[in-house]
Amino acid sequence: MKREKLAEKFFNRPTLAVARSLLGKFIVRKYGGKEIALMITEVEAYDGFKDRASHASRGKTARNAPMFGRPGYWYVYFTYGMHWLINIVTRETGYPAAALIRGGLTVDRSGEPVKVSGPAKTAKFLKITGKFSGLPANTRTGFWIEDRGIRIPKQKIRRGRRIGVDYAGKIWASKSWRFFIAGFRS
DNA sequence: ACGATGATGAAC
DNA sequence: TTCATCATCGTA
């Protein structure tokens, strides 16, 4: 099986292009000597200083600093008092942008496909917490993204508005910056 | 439809 | 230092 780790240059591209091309890639977590893997099926883009739905829109803080940093690094944050959410940083250093991983597909012990639907469930499934925020995505940190040769045909890719960002105002809330594989809307 | 549950940031 | 808000989920 092809297993090609995605490097910084993959993420140092326009955020929408990165988000779209993350569909079908595998997010892999080394845990307890084993690997937990999920094929990414849903992603949202948060891009730039002006995106009012983005944590970066109010400037750099200790929490969101990774968004302003190098591409290919994790931005993991805590929300709703109980959930961790996973983002991978995009674009060049200094430009705040990231892609939120919202869902994936795995297989259970008997080989049946199992949907992991929702960003908090995704983080829980991969056993990810804030410890990873600011770390690079690679095998050394034990948490990375790889290409296993699966290509999602264009006609299977859907897009729509981002979830839970109505507070960001009409312009930003209505951006069609959420990408998912047909049949995997969470 | 709503409660759980805590960090964040803006207002006071 | 207080308070409303929040890139959610599970139960109803």
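Per chain, numbering begins at 1; letters A, B, ... match sequence-line order. Every heavy atom of this structure was used, including side-chain atoms; hydrogens, water molecules and symmetry mates were not.
- For A:Arg91 and A:Tyr95, the positive end sits near the middle of the six-membered ring, less than 6.0 Å away and at most 45° from its axis.
- Here the two rings, on A:Trp84 and A:Phe78, have centers that are under 6.0 Å apart.
- Atoms OH (A:Tyr77) and C1' (B:dG9) sit 15 Å apart, rounded to a whole Å.
- Of the candidates C:dC9, B:dA7, C:dC6, the closest approach to any side-chain atom of A:Phe78 belongs to B:dA7.
- A:Met82 has its CE atom 16 Å from the C1' atom of B:dT8, to the nearest Å.
- One interatomic measurement links the two molecules: OH of A:Tyr80 to C1' of C:dT11, which rounds to 17 Å at whole-angstrom precision.
- Aromatic ring centres of A:Tyr77 and A:Tyr75 lie closer together than 6.0 Å.
- Summarising the geometry, the separation between NZ on A:Lys60 and C1' on B:dT8 is reported as 18 Å, rounded to the nearest angstrom.
- Here the options are A:Arg29, A:Lys127, A:Arg3, the test is salt bridge (Lys or Arg N to Asp or Glu O under 4.0 Å), and the partner is A:Glu35; only A:Arg3 passes.
- Here the CD1-CD1 distance, from A:Ile88 to A:Ile27, works out to 7.5 Å after rounding to the nearest 0.5 Å.
- In this structure, A:His83 places its NE2 atom 9 Å from P of C:dT8, rounding to the nearest Å.
- Each of A:Lys124 and A:Tyr75 lies near DNA chain C, and the nucleotide nearest A:Tyr75 is the one positioned closer to the 5' end.
- Distances shorter than 4.0 Å separate none of the side-chain N or O atoms of A:Arg63 from OP1 or OP2 on B:dA7.
- For A:Glu42 and C:dT8, the CD to P distance is 10 Å, given to the nearest whole Å.
- Distances from the side chain of A:Lys121 to the nucleotides C:dC6, B:dG9, C:dC9 place C:dC9 closest.
- Atom CG in A:Asp166 sits about 14 Å away from atom P in C:dT5, given to the nearest Å.
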Problem - Strand DNA chain C as a dot-bracket string - pairs counted if Watson-Crick or G-U with both distances under 3.5 Å, | where the partner lies in another strand - result: ||||||.||||.
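- Comparing atom distances between the A:Ala120 side chain and each of B:dT5, B:dG9, C:dT8 picks out C:dT8 as nearest.
- Residue pairs meeting the salt bridge (Lys or Arg N to Asp or Glu O under 4.0 Å) criterion with at least one partner in residues 151-175 of chain A, sequence neighbours excluded, are A:Asp51-A:Arg162.
- OP1 and OP2 of B:dA7 both lie 4.0 Å or more from every side-chain N or O belonging to A:Thr79.
- Geometrically, A:Arg13 does not engage A:Phe11 in a cation-pi contact defined by less than 6.0 Å to the ring centre and at most 45° from the axis.
- When rounded to the nearest whole Å, the span between CH2 of A:Trp172 and P of C:dC6 equals 17 Å.
- At the heavy-atom level, A:Ile163 lies under 4.0 Å from the strands shown only through sugar-phosphate atoms.
- For A:Arg58, counting side-chain heavy atoms from C-beta on, the closest listed nucleotide (B:dA10, B:dT5, C:dT8) is B:dA10.
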